[in-house]
Amino acid sequence: MTGHVSHITFHILRSHHVLQNRVTQEFERRFGAPPAFVVRAPGRVNLIGEHTDYNDGFVLPMAIDRAIWIAGRPRGDQRVVGRSLDLDQATEFPLQDLQRGKTGWTEYLKGVAWALQEAGYTLQGWEGVVSGDVPLAAGLSSSAALEMATARVFALVSELPWEPATMAQIGQRAENEWVGMNCGIMDQMISAAGEAGHALLIDCRSLETLPVPLPPGTVVVVLDTATRRGLVDSAYNERRAQCEAAARFFGVAALRDVSVAHFQAQADRLDDLTRRRARHVITENDRTLRAVEAMRRGDAVEFGQLMNGSHASLRDDFEVSSEELNHMVACACQQDSCYGARMTGAGFGGCAVALARADAAHAFATAVGNCYQATTGIAPNVYVCTATNGAEVVKG
Ligand code: GLA
């Protein structure tokens with residue numbers, strides 16, 4: 001087994017200082033003075049509550065120790081001048097005359113500026129450098145992180161109140177209406193409102209949040225299959241439409257309003273496809289609330305079983321898993337140190353997440369990586385994650 005180890009990329013215990021120093025030094029080099037501020041906004045992994053956010057339901061993500069960082073200073077005018085250090089690309093645009101460009105990192109900055117101004121805020125310009133270590137297109141919400149980092153900067157230089165839920169809605173609107181991706185509210189909410197050491201229960205209808213500590217002695221491991229599927233957006237929109245059809249059948253605003261008991265009483269009257277889609281969402285909301293109770297009791301075993309149940313439901317009823325995700329989850333569940341595992345995020349490739357014994361974290365990560373590679377021939381990325389704060393001003 002150990003023969004496979006060299007191909008797997010392990011990412012363990014990220015240090016904040018590396019990226020903070022990088023954006024600070026690059027700012028100084030390019031602008032000839034120290035930055036007036038440094039902000040960070042994290043990516044996320046969702047522990048349970050998948051494809052529930054756009055059904056007004058419950059999610060339980062955590063902000064991870066991988067983030068987008070911006071070092072900058074205010075400008076006296078209404079222009080944004082920025083540089084992505086990772087892509088080595090510059091951008092410059094006037095806030096009074098935002099024009100859509102080709103999709104790329106700049107569109108997230110413009111989209112947030114647009115949505116803030118649509119919401120009635122008066123914005124000040126700024127200049128700065130951007131860098132991050134949230135892997136792109138891996139399902140760890142690098143775009144929500146960029147949106148929330150941008151919002152944090154605008155809030156700072158324009159003296160706007162930082163209200164995480166309001167800013168998350170701004171970010172979602174930027175993504176939906178400027179970038180054109182029809183996501184729910186989860187990714188922006190957790191990037192805005194995360195709390196170190198905790199997962200966050202989010203009620204996606206009221207946007208109320210409840211921090212829940214991770215069970216003692218456990219660690220969250222992100223298992224990236226290193227596979228990405230095309231057509232994720234159209235499959236995602238199709239699932240949304242199927243959920244809306246099911247809500248209409250039940251005569252409710254969203255599937256959040258249907259209890260498991262009510263669903264079971266009515267299920268025979270639904271066609272097979274709609275029944276399975278609805279069953280996933282309704283039981284997933286229930287599992288998420290039970291997972292929170294388990295977590296509050298420190299019951300990692302129960303929590304893990306709910307994760308396993310979530311995966312089966314996403315695979316069989318909601319049909320958003322993939323062969324590689326199923327292999328990864330199976331590899332994780334084979335380990336004695338594993339409490340539970342499931343696909344996470346939109347699905348169709350991307351990442352799985354596992355809850356494992358903290359004292360076995362490294363052995364767990366190695367064994368799962370080897371098993372996955374032996375089964376699929378693909379080298380995975382494995383991230384042992386800690387839960388961090390949401391978007392914050394680190395300096396300034
Ligand atoms: C993507 C979307 C989220 C959410 C998940 C599925 O990550 O951006 O809003 O719908 O899929 O839970």
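Order of appearance sets the numbers: ligands from 1, and atoms from 1 within every ligand. Everything quoted here is computed from the prediction, not taken from an experiment. These numbers come from the heavy atoms of this one structure, side chains and all, not from hydrogens, waters or symmetry mates.
Of the protein's non-hydrogen atoms, the one nearest atom 9 (O) of ligand 1 is Asp53 OD2, 2.5 Å. Among protein heavy atoms, atom 7 (O) of ligand 1 sits closest to Arg44 NH2, 3.0 Å. Among all protein heavy atoms, the one lying closest to atom 8 (O) of ligand 1 is Asp187 OD2, 2.7 Å. Atom 6 (C) of ligand 1 has its closest protein heavy atom at Glu50 OE2, 3.3 Å.
Under the 3.5 Å distance criterion, the side-chain polar atoms of Thr52 are left unmatched by any main-chain donor or acceptor of Val281.
Donor-acceptor pairing under 3.5 Å is recorded for the side chains of Trp178 and Glu107.
When only interatomic distances are considered, the shortest N/O to N/O separation between Tyr236 and ligand 1 falls below 3.5 Å. The distance criterion of under 3.5 Å between nitrogen or oxygen atoms is met by Gly184 with respect to ligand 1.
Of all atoms in ligand 1, listed by their number and element, those nearer than 4.0 Å to a heavy atom of Tyr54 are 10 (O). Near Met186, with a cut-off below 4.0 Å to any heavy atom, the atoms of ligand 1 are 4 (C), 5 (C), 12 (O).
Other residues, nucleotides and ligands contribute only 12 or fewer heavy atoms inside 6.0 Å of the CZ atom of Arg296.
SG atoms of Cys371 and Cys331 are separated by less than 2.5 angstrom, consistent with a disulfide link.
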Practice task
List the steps and the verdict of salt bridge (charged side-chain N to carboxylate O under 4.0 Å, His left out) for Glu392 and Arg40.
Solution key: CA-CA 6 Å; Glu392 60 190 350; Arg40 66 172 279 281; 2.9 Å; yes
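The aromatic rings of Phe37 and Trp126 sit perpendicular, their planes meeting at an angle over 60°, well past the 30° parallel limit.
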